[in-house]
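These notes concern the structure reproduced below.
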Amino acid sequence: MGTGVPASEQTRCAKGDPQVDCPEDAGDTEAGQVTDFESPEDKRPQSEPGYSNPEDSGQLMASYEGKAKGYQVPPFGWRICLAHEFAEKRKPFNANNVSLSNLIKHLGMGLRYLQWWYRKTQVEKKTPFIDLINCVPLRQIYGCPLGGIGGGTITRGWRGQFCRWQLNPGMYQHRTVIADQFTVCLRREGKTVYQQVLSVERPSVLRSWNWGLCGYFAFYHALYPRAWTVYQLPGQNVTLTCRQITPILPHDYQDSSLPVGVFVWDVENEGDEALDVSIMFSMRNGLGGGDDAIGGLWNEPFCLERDGETVQGLLLHHPALPNPYTMAVAARLTADTTVTHITAFDPDSTGQQVWQDLLQDGQLDSPAGRSTPSQKGAGIAGAVCVTGKLPPRGQCRLEFSLAWDMPRIMFGAKGQVYYRRYTRFFGRDGNAAPALSHYALCQYVDWEEKISAWQSPVLDDRSLPAWYKSALFNELYFLADGGTVWLEVPEDSLPEELVESMCQLRPILREYGRFGYLEGQEYRMYNTYDVHFYASFALVMLWPKLELSLQYDMAVATLREDLTRRQYLMSGVMAPVKRRNVIPHDIGDPDDEPWLRVNAYVVHDTADWKDLNLKFVLQVYRDYYLTGDQGFLRDMWPVCLAVMESEMKFDKDQDGLIENGGYADQTYDGWVTTGPSAYCGGLWLAAVAVMVQMAILCGAHDVQDKFSSILRRGQEAYERLLWNGRYYNYDCSPQPQSCSIMSDQCAGQWFLRASGLGEGDTEVFPTRHVVCALQTIFEFNVRAFAGGAMGAVNGMQPHGVPDRSSVQSDEVWVGVVYGLAATMIQEGLTWEGFQTAEGCYRTVWERLGLAFQTPEAYCQQRVFRSLAYMRPLSIWAMQLALQQQQQKKASRPVAAHGTELSTGPKLGPKEAMANPK
């Protein structure tokens, strides 16, 4: 896929001038003129190196001293030596990082938050949906999570530790469980010559085990949903490659839901002597500590033969209420392997019995029968071992699986009972762990073929940079590991009056289930809609039916109300939880009762936010455009009319342009906006333009005329009030920061172009203004910030200093940067787009050690905020922009598979289709 755009083809604001100037428009505006506009030196290289160099790991592999490259490890992805140490250690954002002026502004908010936090934690005994007192500390350890979408996840770190757990829906435990390990045993001529835990840890428990693997001879490679760990065993002429596989399969709504992971060990013998090789997989029942306190945990062996394939292993029963589960550690038995086990051992002891058992003959004793239930506070663990023959200069394969069966769940309020999506295929009785293990070990080869077919068009494209290939797939971790739930929909949860008016509501939700993912692992609200606006590209491109399901849930919530009054923390005012005909901020907190009680967010009364309703309208049309689902558009049309009618009240002077309310009334909820603004004004005009298109499709001529008139007036006001000749001003306040350069000022244009609009006869923002604004952002927010190496700062003053007027204006928001990069690609600034996004990837994944926990934000120095966040999934908007760019060059529709999503219905937005009315 070609992505490079020659300089001669790029649209410049002023011919031959790289300094970003638009003199032809300078006098055609009432916006304040910027006179002290300094542009940094143009550092674009004269010639660009080849994008596709796979050796792109920076310093992450500098410590690697081994020679082994591993078995079939792909060239592209995120690669790191197990001995690597990140030099930079940042801290979570807290009150100490707020300037005195901003501290004074938010003093009331801070006091109200402390009162609310105390009541929540000490009186209600609940965890706050945002805990600013106890932020998750920095741990630079995470790797690819295990588990499909919505069944819970277990993250295995890049050094091999099992360290982040989300089994109870939406609730995370960040704990490394020492007993959860792989151990290798090598035997020559009947004698054990090498036995090593494959971990660099040196723990205080299980001290009879041989810990402290030399990390300089091992590396980890992630390309989600797979990961590889390569161990070169010193002095043994043996290389181990552990391949981790999770069934994340685009457009698959069955296997993608399974709570399983597979570990395939390929063992290579570079010596001239035959070996017996054993891999032992040990696992604790539970996570230790309070997780064991209940007692009554027990293990038992199992063997399942089906369709000529045999799987053996252990079941770890964890009956804790309200969400009991069973874990299965299993291995595939073949003609060339032996599977043995130890049913129970004490994970808090020295572990000598287990170690000696393996050391003696490379196998475990395999006692029959179930273990004795554990005592209160006592730990219990088990292990499964696979042994195979390793010929001289040969290779063998050993296969494990990890599965967990928690079919029936309750959220924190313990009200409604739900069943997870995978129970549709494996039953609700809680005894599916053996079948899940068997299925995973028999199907993983097919899964890998599908994963390769999906990823290969991107990985094989030599025009794309290596970092982008890693970022595109690895950032997808959050779709499964975002506290994600995928649930069967209770029949009585769908209101009958809406079922009748929305023809596809019941069929979509019944067939594809209910989907929810958190705003962030630390910001615990499901389907936060102002953020989903950015992240939704991944969902609609890869699992479009889940995006439609989410949209139907949001539409149902929009038409409901909850008039219970509560105090909002920022303003201190009392207002209802949810008003009718406005989009909710979120669908609820997993520690409460999501879907039944929406709007867990209590910082602002979001009924007065200016962006939520607009983002719904824009996403509805984009989803229609990408799926071609006319029934969906028919069902959403009345809801779009209702929310736009609610939005009208924000246009107080009737000039066709809404005004912000003088507080942080949009997704930048710490950045005050006053009057007409670039961000919300742009979203408004884009939504109005989309309403015109939907009215045409729905045959609603009166509505078409109404919104066409609003659009004409609004365009004139937007350009007159905000365009300053070089970019759109932040807002129309009398404050100096009103002239700030906002990196997200073109968000409305971004969605229009993604939806096949925004140019030609559907142009809303003058193309020359859009391109000029993007070039200005690139020169100032990107290049003049942190040496151009950290992405785009949210706000930059026109004299080249970050806007520090708020706690968010001097942050970099990773998901916003990826969306900005997509907008640049859409407008032909492809090189600038990749340069902008690359800064974020290298900062997060290579410099700060935040792999698989991409934060919402970081500052130029010292801090990050909100680890493992939803918004960075917007990198898939870059992929859509590239595909649409390719389609435009080919001048014909492109319908393909996987990432090559068809970007439009057979009857496009401008063509006559059957009247949806």
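Only heavy atoms go into these numbers, but all of them, side chains included; no hydrogens, no water, no symmetry mates.
Side chains of Thr528 and Tyr523: no donor on one and acceptor on the other come within 3.5 Å. Donor-acceptor pairing under 3.5 Å is recorded for the side chains of Thr667 and Arg871. Looking only at atom types and distance, the side chain of Glu779 has no donor-acceptor partner in the side chain of Gln775 under 3.5 Å away. Side-chain contact annotation: Gln885 with Thr830, donor-acceptor N/O pair under 3.5 Å present. At a cut-off of 3.5 Å, with distance as the only test, a side-chain donor of Asp481 or Tyr172 sits close to an acceptor on the other residue. Inspection of the Ser866 and Glu856 side chains reveals no N or O donor paired with an N or O acceptor under 3.5 Å. Ser677 and Tyr730 share no donor-acceptor pair across their side chains, judged by distance under 3.5 Å alone. Under 3.5 Å, the side chains of Ser805 and Gln735 contain no donor-acceptor pair of N or O atoms. Gln455 and Lys469 form no side-chain donor-acceptor contact under 3.5 Å, judged by distance and modelled atom types alone. Checked by atom type, the side-chain pair Arg139/Thr176 shows a donor-acceptor distance below 3.5 Å. Under the 3.5 Å distance criterion, with hydrogens and angles disregarded, a donor-acceptor pair is assigned to the side chains of Asp803 and Ser740. Using modelled atom types and a 3.5 Å distance limit, the side chains of Gln745 and Asn729 yield no donor-acceptor pair.
With contacts defined as side-chain heavy-atom distances shorter than 4.5 Å, the pair Met790/Arg847 qualifies. Looking at Tyr534 and Trp750, their side chains come closer than 4.5 Å, going by heavy atoms from C-beta outward. Arg156 is not listed as a side-chain neighbour of Gln161, based on a closest heavy-atom distance of 4.5 Å or more. Side-chain contact between Ile248 and Tyr477 is absent, with no heavy atoms from C-beta onward closer than 4.5 Å.
Once rounded to the nearest 0.5 Å, the distance linking CE of Met878 with CZ of Phe834 reads 4.5 Å. The CG atom of Leu848 sits 8.5 Å away from atom CG of Leu138, with the distance rounded to the nearest 0.5 Å.
Counting non-hydrogen atoms of neighbouring residues, nucleotides and ligands closer than 6.0 angstrom, the OH atom of Tyr216 reaches no more than 12 such neighbours. Counting non-hydrogen atoms of neighbouring residues, nucleotides and ligands closer than 6.0 angstrom, the NZ atom of Lys67 reaches no more than 12 such neighbours.
Of the possible polar contacts, one joining the Tyr727 side chain to the Cys739 backbone as a donor-acceptor pair under 3.5 Å is found. Asn781 contributes a side-chain N or O that, together with a main-chain N or O of Ile741, makes up a donor-acceptor pair within less than 3.5 Å. Without hydrogens or angle criteria, Thr484 side chain to Leu479 main chain gives a donor-acceptor distance under 3.5 Å. In this structure a side-chain-to-backbone donor-acceptor pair under 3.5 Å is present from Arg90 to Val863.
Taking Arg753 as the reference, Glu759, Glu827 meet the salt bridge (Lys or Arg N to Asp or Glu O under 4.0 Å) condition, with sequence neighbours excluded. Every residue meeting the ring-ring contact (aromatic ring centres under 6.0 Å, His included) condition with Tyr668, not counting sequence neighbours, appears here in chain and number order: Trp671, Tyr679, Trp813. Evaluation of the salt bridge (Lys or Arg N to Asp or Glu O under 4.0 Å) rule for Glu811 yields Arg865 as partners, not counting sequence neighbours. Not a single salt bridge (Lys or Arg N to Asp or Glu O under 4.0 Å) links Arg862 to another residue, sequence neighbours left out. When the ring-ring contact (aromatic ring centres under 6.0 Å, His included) test is applied to His106, no partner is found at least two apart in sequence or on another chain. A search for ring-ring contact (aromatic ring centres under 6.0 Å, His included) contacts involving Phe219 returns Tyr64, not counting sequence neighbours.
The minimum heavy-atom distance linking His84 with Trp158 is given by the pair O-CH2, 3.5 Å.
You'll find the ring centres of Trp467 and Phe76 outside the 6.0 Å limit. When ring centroids are compared, Trp78 and His221 stay outside the 6.0 Å threshold. Checked against the 6.0 Å centroid criterion, the rings of Phe751 and Phe537 qualify as a close aromatic pair.
Results of the side-chain hydrogen bond (donor to acceptor under 3.5 Å, both in side chains) test with Glu475 over Trp845, Trp876, Tyr841 single out Trp845 as the only residue that passes.
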